[in-house]
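Below is one structure, written out as structure tokens; the observations come after it.
In what follows, every heavy atom counts, from backbone to side chain, and hydrogens, waters and symmetry copies are set aside. Here is the naming used below: chain letters follow the sequence lines, and residue numbers restart at 1 for every chain.
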Amino acid sequence: MANKETKNETNKFQAIISHAKEYGFIFQSSEIYDGLSAVYDYGPWGSELKKNIRDYWWKSMTRMHDNIVGIDAAIFMHPTTWKASGHVDGFSDPMIDNKDSKKRYRVDHLIEGYADTLDKDAAEALLARMNQLLAADDLDGLKQLILDEKITCSVSGTSNWTDVRQFNLMFSTQLGSVSEEASEIYLRPETAQGIFVNFLNVQKTARMKIPFGIAQVGKAFRNEIVARQFIFRMREFEQMEMQFFIRPGTEEEWYAYWKEERMNWHLSLGFSPDKYRFHDHDKLAFYAKAAVDIEFEFPFGFKEVEGIHSRTDHDLSQHQKFSKKKLQYFDTEINQNYVPYVIETSIGLDRTVLMVLSEAYAEEDIPKEDGTKDSRVVLRIPPRVAPIKLAVLPLTKKDGLPEIARDLIKECREDFYCFYEEKDAIGKRYRRMDALGTPYCVTIDYQTKEDQTVTIRDRDSMTQERIPLDKVKEWVSLRIR
RNA sequence: GCGGAAGUAGCUCAAUUGGUAGAGCGAUAGCCUUCCAAGCUAUAGGUUGCGGGUUCGACCCUCGUCUUCCGCUCCA
């Protein structure tokens, strides 16, 4: 039974991926060249959906909060940024695999572990040799050292090792068009640092008073060891982050506040609360005082969509140290200077898109009036983020009906995304709109010509009501907010 | 990254022992049609993932490679 359910969920996930491609939501990157692993492109409706989610988040965080402003920092940053943040040293470790146990080790951990079994002088000599090789990036030398010392895998007990490989979390590239003058810089692995380095710029120019937040949406890049599960874990992805700067000592209450606030945002999309849960981090990162994930139940299990972290003053202090610039705030209420503490909310935009698609996708059987069965695939996307809000469908493409439809679109398209369709039977057009997640369809029929009314059909219930033509814009607008 | 499986039209799949690649759906154009897919006609669309090898001849056998899926592994 459990197996069957797992299989069904796997099938559902496959179906969602297929549907996303077939209906123009998400394509694999560079597909005509056989694709690029763990990179995806958004098609017409996928980019619209993604943009709507991004806009909804942006509006919720900035416009709906007096004390949060946005920025748009560059992807390229000064290389020292990543030294200060800990990304350079923390995430570029040589790795080695044991071919028998399939176990992967960080080379330094492996050698250090072995050194612990030696006497003091031998251990020190070994570690000195290792550090020398590490500093020189001599990967072959490191492998030779492991072989010479006959270091074995604790699981398999063998020394059947792969070559030593460098694992780099960050992508690097060259800044400068002439290679000799070029310096190596990184594509940012997170958007947060762009906020931290601009802390004072924003605080001063936007005249912000603590507590206040800075929001940002943007691309980030990470070399994942295993990147899988469609757009859940990509090498290039988009984050929506907000760093909230607070007075030291108030972090607990603000952490609790944002934890609740962010969960409420998710629930405002209208999905079942059962689909969400908090997951507290047991093992905290070196900078964090507390951390919690908001997890969503994807077809492949509960997975992290958003993280809320209490980051202390770690980041600002680090940048203060490396840049030798004061990153402090004078708090007039308590008459004190301090480096603010930070509560971070960080949500993956692509993951949120996948969350919406996963929850929206449904295959339905519909009993017909004559007793036979009908079926449809429908995306129950929350109306406020649906790519197309309204389809306008003339019942036939004759007798002036298309003209009325075109006029209605002209009236509405400034306010929300409309779609015109006159091909095929009306039922078929409804199904096509269901498959794209369009919440409302207006049909122009012959009665429209007589009394200026239209039918408007609801995607989820498939029921219709008749409303005046000149009320359509208002009717839809009210329901997509 | 390792192991296993797979790759034929946009999608789902066919194609005897190796002998010139087909169908349904979808798409497009037109016809029909007065409110919930699967009516009619026509058209487009494939160097069978890619590259070598064996063969008179390869979708089929073989090697490599790329991609995807499943399991393991790593992870801020």
For atom [atom1], what is the distance between [N] and [M], given to the nearest Å?
N	M	atom1	value
B/rC13	B/rU17	C1'	23 Å
B/rU65	B/rU20	P	32 Å
B/rA6	B/rA23	C1'	22 Å
B/rG19	B/rU28	P	37 Å
B/rG51	B/rA9	P	16 Å
B/rC63	B/rU55	C1'	16 Å
B/rG24	B/rU8	C1'	15 Å
B/rU68	B/rU12	P	16 Å

Between [N] ([atom2]) and [X] ([atom1]): distance, integer Å:
X	N	atom1	atom2	answer
A/Glu465	B/rC35	CD	C1'	15 Å
A/Glu363	B/rU12	CD	P	13 Å
A/Gln14	B/rG7	CD	P	15 Å
A/Phe230	B/rC70	CZ	C1'	18 Å
A/Asp445	B/rU33	CG	P	17 Å
A/Lys423	B/rA37	NZ	C1'	14 Å
A/Lys449	B/rU34	NZ	P	13 Å
A/Arg222	B/rC75	CZ	C1'	9 Å

Between [X] and [N], does any side-chain N or O lie under 4.0 Å from OP1 or OP2?
X	N	answer
A/Lys428	B/rA38	no
A/Gln28	B/rU68	yes
A/Arg432	B/rA38	no

Counting only Watson-Crick pairs (N1-N3 plus N6-O4 or O6-N4) and G-U wobbles (N1-O2, O6-N3), all under 3.5 Å, who is the partner of [N]?
N	answer
B/rU65	B/rG49
B/rU55	none
B/rU33	none
B/rG71	B/rC2
B/rA15	none

*A/Arg431 side chain, from C-beta outward: closest of B/rA37, B/rU34, B/rC35*: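 When the side chain of A/Arg431 is considered, B/rA37 is the closest of B/rA37, B/rU34, B/rC35.
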
Is [X] salt-bridged to [Y], cutoff N-O under 4.0 Å?
X	Y	value
A/Glu421	A/Arg429	no
A/Arg432	A/Asp424	yes
A/Asp350	A/Lys50	yes

*Sole residue of A/Glu306, A/Glu241, A/Glu344 in salt bridge (charged side-chain N to carboxylate O under 4.0 Å, His left out) with A/Arg262*: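 Among A/Glu306, A/Glu241, A/Glu344, the one meeting salt bridge (charged side-chain N to carboxylate O under 4.0 Å, His left out) with A/Arg262 is A/Glu306.
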
Cut-off 3.5 Å, side chains only: do [X] and [Y] have a donor facing an acceptor?
X	Y	value
A/Thr443	A/Asp445	no
A/Tyr186	A/Thr81	no
A/His314	A/Thr312	no

Look at the side chain of [X] against the base of [N] and say whether a donor-acceptor pair falls under 3.5 Å; ignore hydrogens and angles.
X	N	value
A/Arg457	B/rC35	no
A/Ser18	B/rC11	no
A/Glu22	B/rC11	no

*asked:* Which is more 5' along RNA chain B, the nucleotide nearest A/Tyr40 or the one nearest A/Gln447? Just name the residue.
replied: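 Closest to the 5' end, via its nearest nucleotide, is A/Gln447.
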
_Assuming nearest nucleotide by heavy-atom distance, tell me which of A/Glu422 and A/Lys21 is located more 5' along RNA chain B._
A/Lys21

